[in-house]
Amino acid sequence: MNTFSLVVLVVVALADGSQAPEPRAQAPAAAQGAKAPASLPEPRWQGLPGWLGFATVKPDVEQSRAYWTPRHPKAQVVLFTDMWKSVPEGTKVRLVSSAGPGEGTYLGTSDESYGCDGNTATFAGFSSAKPLPEGPVWVLPPGDSEGLESLPVKEVPANSLGAPLPKGKKAASKELRAYEAGGLGFLLTKTGKLRGQLTVLLGGKKVGTDSMSKGEMEGSERSPLNLYDKDEVGVPRPEAAFQLGKEGPVVVVLGTRRYEGHLFTVAVRRGDKAELLNQDSEAPYFCAF
């Protein structure tokens with residue numbers, strides 16, 4: 001069973017009663033083709049090989065690209081987990097970040113400062129054979145890296161996704177925002193003062209949806225949901241996209257700011273089929289703000 005430090009994998013309950021997806025307490029058996037070597041923990045996401053990690057910065061870096069970027073004295077990549085404790089240090093892994101594929105080495109598991117008020121998180125740390133840009137990093141068991149690559153994430157006009165716009169919405173409206181990543185389209189639609197919807201599209205056809213909510217929290221500002229504010233609470237955006245090998249799936253990592261941390265979910269494309277895995281998540285607790 002996954003055991004995390006108090007600051008990791010907290011379900012964030014919003015003041016309006018909505019909830020972030022609840023993280024799994026225990027990773028289920030992986031689907032065929034996604035099983036880790038016997039010496040490694042089971043894959044984190046149902047049916048996907050590997051684990052979602054994050055590039056780090058040094059503890060003395062004054063400002064990072066994203067507030068949620070982990071800091072670590074030695075590791076260039078970390079996983080929010082203690083499930084690697086029994087894995088021998090020096091174990092080799094494959095990494096793929098927004099800079100492309102690379103090789104990594106497991107350094108061990110430790111508790112490090114994360115967030116505010118002296119909070120800590122348990123990290124499994126990895127070195128990287130080359131510098132990594134901040135952001136999501138997919139960690140995979142050792143093996144062939146053919147076809148392992150980073151894919152572009154780009155913002156696009158809302159009317160370019162091949163699907164009709166929501167009723168009453170115009171393409172130039174600030175109540176719509178759209179992205180393409182990994183062969184998928186992501187349409188954000190504002191539906192109320194504090195609410196909206198994420199629609200995932202493949203070839204113009206809807207393959208998944210999720211509601212989004214800014215909610216309210218005591219002491220927070222109360223302005224309407226703004227899809228174009230990079231620091232807005234409750235708005236999911238594609239953070240990175242990866243092809244997990246020549247025969248592997250495409251994964252798109254979506255990040256959503258919450259009042260107490262950041263929520264990461266995954267959309268998956270396998271050829272002409274796709275799905276949004278919005279029932280599972282990584283939700284590092286950072287700090288109430």
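Note that the numbering runs from 1 along the sequence shown for the chain.
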Worksheet item: What pairs meet the disulfide (SG to SG under 2.5 Å) rule with one or both residues in residues 75-106, with sequence neighbours excluded?
Response: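 Pairs touching residues 75-106 that pass the test: none.
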Query - Summary of disulfide (SG to SG under 2.5 Å) pairs that have at least one residue in residues 77-187, sequence neighbours excluded - result: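 Those involving residues 77-187 are Cys116-Cys287.
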Closest non-hydrogen atom pair between [X] and [Y], with its separation:
{"X": "Leu161", "Y": "Gly185", "value": "CD2-CA, 3.9 Å"}
{"X": "Trp45", "Y": "Glu282", "value": "CZ2-CG, 3.8 Å"}
{"X": "Gly182", "Y": "Leu151", "value": "CA-CD1, 3.8 Å"}
{"X": "Ser39", "Y": "Val87", "value": "O-CG2, 3.4 Å"}
{"X": "Pro224", "Y": "Glu232", "value": "O-OE2, 3.5 Å"}
{"X": "Glu180", "Y": "Ser160", "value": "OE2-O, 4.1 Å"}

Answer yes if [X] and [Y] sit in the same cluster of Ile, Leu, Val, Met, Phe, Trp and Tyr residues linked by side chain heavy atoms under 4.5 Å apart, and no otherwise.
{"X": "Val96", "Y": "Leu184", "answer": "no"}
{"X": "Val156", "Y": "Tyr179", "answer": "no"}
{"X": "Leu79", "Y": "Val137", "answer": "yes"}
{"X": "Tyr228", "Y": "Phe186", "answer": "yes"}
{"X": "Leu187", "Y": "Val266", "answer": "no"}

Between the main-chain N or O of [Y] and the side-chain N or O of [X], is there a donor-acceptor pair closer than 3.5 Å?
{"X": "Lys214", "Y": "Ser223", "answer": "yes"}
{"X": "Lys169", "Y": "Lys190", "answer": "yes"}
{"X": "Glu103", "Y": "Ala129", "answer": "no"}
{"X": "Asn159", "Y": "Leu165", "answer": "no"}

Which residue pairs pass the salt bridge (charged side-chain N to carboxylate O under 4.0 Å, His left out) test with at least one member in [range], sequence neighbours excluded?
{"range": "residues 64-76", "answer": "none"}
{"range": "residues 153-167", "answer": "Glu155-Arg177"}
{"range": "residues 114-143", "answer": "none"}

Once you round to the nearest 0.5 Å, how far does [atom1] of [X] lie from [atom2] of [Y]?
{"X": "Asp210", "Y": "Leu188", "atom1": "CG", "atom2": "CG", "result": "11.0 Å"}
{"X": "Glu175", "Y": "Thr189", "atom1": "CD", "atom2": "OG1", "result": "9.0 Å"}
{"X": "Asn278", "Y": "Thr209", "atom1": "CG", "atom2": "OG1", "result": "7.0 Å"}
{"X": "Leu263", "Y": "Tyr285", "atom1": "CG", "atom2": "OH", "result": "15.5 Å"}
{"X": "Ser127", "Y": "Gln76", "atom1": "OG", "atom2": "CD", "result": "6.0 Å"}
{"X": "Leu276", "Y": "Lys206", "atom1": "CG", "atom2": "NZ", "result": "12.0 Å"}

Hey, can you pull the donor-acceptor pairs under 3.5 Å for the side chains in residues 236-255, sequence neighbours left out?
residue	atom	partner	partner atom	Å
Arg237	NH2	Leu227	O	3.3
Arg237	NH2	Asp229	O	2.6
Gln243	NE2	Gly245	O	3.0
Gln243	NE2	Gly248	O	2.7

| message | Taking ring-ring contact (aromatic ring centres under 6.0 Å, His included) as the definition, give me every residue that meets it alongside His262, ordered by chain and number, with sequence neighbours left out. | response |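 Applying ring-ring contact (aromatic ring centres under 6.0 Å, His included) to His262 gives Tyr67, Trp68, Phe264.
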- Message: Run the ring-ring contact (aromatic ring centres under 6.0 Å, His included) test against Trp84 and tell me which residues pass, sequence neighbours left out.
- Response: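 ring-ring contact (aromatic ring centres under 6.0 Å, His included) check on Trp84 returns Trp51, Tyr106, Phe126.
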Please walk me through it: do Thr265 and Thr256 pass side chain to side chain contact (heavy atoms under 4.5 Å, CB included)?
-> CA-CA 8 Å; Thr265 54; Thr256 306; 5.6 Å; no
Which donor-acceptor pairs under 3.5 Å do side chains of residues 52-60 form with protein atoms, sequence neighbours excluded?
residue	atom	partner	partner atom	Å
Thr56	OG1	Ala75	O	2.5
Lys58	NZ	Pro73	O	2.7

Side-chain donor/acceptor pairs under 3.5 Å, residues 196-204, sequence neighbours excluded:
residue	atom	partner	partner atom	Å
Gln197	NE2	Thr199	OG1	3.2

*Any side-chain hydrogen bond (donor to acceptor under 3.5 Å, both in side chains) involving residues 89-101? Give me the pairs, sequence neighbours left out, ordered by first then second residue.*
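Sorted result for residues 89-101: Lys92-Thr105.
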Check your understanding: Does Asp231 have any salt bridge (Lys or Arg N to Asp or Glu O under 4.0 Å) partners at least two apart in sequence or in another chain, and if so, which?
Key ->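 Applying salt bridge (Lys or Arg N to Asp or Glu O under 4.0 Å) to Asp231 gives Arg257.
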So His72 and Phe123, would you call those rings parallel, tilted or perpendicular, with 30° and 60° as cut-offs?
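Answer is tilted, since the angle falls between 30° and 60°.
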TODO: Start with the C-alpha gap between Trp138 and Leu48, add the side-chain angles, then the distance that decides, and say whether side chain to side chain contact (heavy atoms under 4.5 Å, CB included) holds.
DONE: CA-CA 11 Å; Trp138 209 269; Leu48 295 178; 4.2 Å; yes
